[in-house]
There are 2 protein chains.
Amino acid sequence: MTTDDLAQSLSRELRHLVLLLRRVAAGQPITSQQYAVLGSLESGPRRMTGLAEEHGVQLPTMTVQINRLEEPGLVARGTDPSDARVRTVELTEEGRARLVAVRRARVAYLTEQLEALTAEERAAIGAALPALAKLGDV
Amino acid sequence: MTTDDLAQSLSRELRHLVLLLRRVAAGQPITSQQYAVLGSLESGPRRMTGLAEEHGVQLPTMTVQINRLEEPGLVARGTDPSDARVRTVELTEEGRARLVAVRRARVAYLTEQLEALTAEERAAIGAALPALAKLGDV
DNA sequence: AGGCTAAGTTAGACTGACTAACTATGACGA
DNA sequence: TCGTCATAGTTAGTCAGTCTAACTTAGCCT
């Protein structure tokens, strides 16, 4: 298979995976974007700019996201004592609990889907993950 | 690796792939959703209901999408002579040209990304695609 | 001090998605 | 054949997510 053929197949499957992700997110108490943001806060407070860059969105977009997470008390804004321009964002206890619960549900759903495959197919996916992780890391 | 571990890794990588897809779509003259709809029309006219089901969206969502594709003349609505309730949708010449052009750009982008990997990594992705394709086909 | 740069927020617009309510047509039994 | 119910689609209203442009505030540097 040429790289070009592979790119065509991958292009097709990426759309498929998007639909899968949509089903993973269905019925969750937060959207997949909110989940992703909470995940970025798991290891400690972050600044707005860092979050926006990591998620590949503009700052105003992240402002909106954090506003929506702050309103129900899942995250809290703080300040950086060394630079008054910087706003920090961190998980609240409730936000951490929500993150864990949603992650559990996501993983459970994916586990269920993976169980439907053969052991060989699961192994193939596992073997491809490192390569997929590198993909697009320009 | 247990299936549960695999699910966790996959959950992480899916988010990564979403960001990749976003970059693939950046700068294209149509959105990725519009591209996907045009792709569904490549093999011939379709009815609204069929398109909505294939894309996993509600009918009103597809109405809006088709409206936006019809306005610049990329698709055309028709009727089904055997059932007056049914609206058909088909590609115009311009729509087909647009589809081909966007596909070319997408594949070129992915090819470029894949070239940055080793042959082994590309092979691993290729080997996993059939399994990924099955994933979520409930 | 003055002026440039950086960090965030606000405002306005657009896409994409949903549900609810509506129109128009088809199907089927009394 | 007529009434009722189901099907196909559109319209209207709402919300999340994203963008750009414009603004505010704070730091930095000469």
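First the proteins, then the strands, lettered A, B, ... as listed; each starts at 1.
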S.K.: Would you indicate which nucleotide in D/dC19, D/dG17, C/dG26 comes nearest to any side-chain atom of A/Thr31?
M.R.: D/dG17
S.K.: Is A/Gln58 near enough to D/dT18 that one of its side-chain N or O atoms lies under 4.0 angstrom from OP1 or OP2?
M.R.: no
S.K.: Is the phosphate of C/dT9 approached by A/Arg77 (side-chain N or O, under 4.0 Å from OP1 or OP2)?
M.R.: yes
S.K.: Can you tell me which nucleotide in D/dA8, C/dG8, C/dA17 comes closest to the side chain of A/Val86?
M.R.: C/dG8
S.K.: In whole angstrom, what separates B/Arg47's CZ from C/dT25's P?
M.R.: 16 Å
S.K.: So does A/Arg87 get a side-chain nitrogen or oxygen closer than 4.0 Å to the phosphate oxygens (OP1/OP2) of C/dA7?
M.R.: no
S.K.: Starting at CD of B/Gln28 and ending at P of C/dC14, how long is that distance when rounded to a whole Å?
M.R.: 21 Å
S.K.: Any donor-acceptor pair under 3.5 Å joining the side chain of A/Arg85 to the base of D/dT25?
M.R.: no
S.K.: Quick check against the 3.5 Å criterion: does B/Arg122 have a side-chain atom that pairs as donor or acceptor with the backbone of B/Leu114?
M.R.: yes
S.K.: Report the distance from atom CZ of A/Arg46 to atom P of C/dA7, rounded to the nearest whole Å.
M.R.: 14 Å
S.K.: Return the value, rounded to whole Å, for the distance between atom CG of B/Leu59 and atom P of D/dA8.
M.R.: 9 Å
S.K.: Which whole-number value in Å describes the distance from B/Asp83 CG to D/dT7 P?
M.R.: 12 Å
S.K.: Determine whether a donor-acceptor pair (N or O, by modelled atom type, separation under 3.5 Å) exists between the side chain of B/Arg77 and the backbone of B/Thr88.
M.R.: no
S.K.: In whole Å, what is the span from the CD atom of A/Glu53 to the C1' atom of C/dA7?
M.R.: 11 Å
S.K.: Please identify each residue that fulfils side-chain hydrogen bond (donor to acceptor under 3.5 Å, both in side chains) with B/Arg12, with sequence neighbours left out.
M.R.: none
S.K.: Counting only N and O atoms by type, is there a donor-acceptor contact under 3.5 Å from the side chain of B/Glu121 to the main-chain atoms of B/Thr118?
M.R.: yes
S.K.: Would you check if A/Val100 and A/Arg104 make a side-chain contact, meaning some heavy-atom pair closer than 4.5 Å?
M.R.: yes
S.K.: Quick one: does B/Thr92's side chain have a donor or acceptor within less than 3.5 Å of a partner on B/Gly73's backbone?
M.R.: yes
S.K.: For DNA chain C, which residues of residues 60-70 of chain B approach it to below 4.0 angstrom with any heavy atom?
M.R.: B/Pro60, B/Thr61, B/Gln65, B/Arg68
S.K.: Is there a donor-acceptor pair closer than 3.5 Å between any side-chain N or O of B/Gln34 and the backbone N or O of B/Thr31?
M.R.: yes
S.K.: B/Leu51 CG to D/dT10 C1': how many Å, rounded?
M.R.: 15 Å
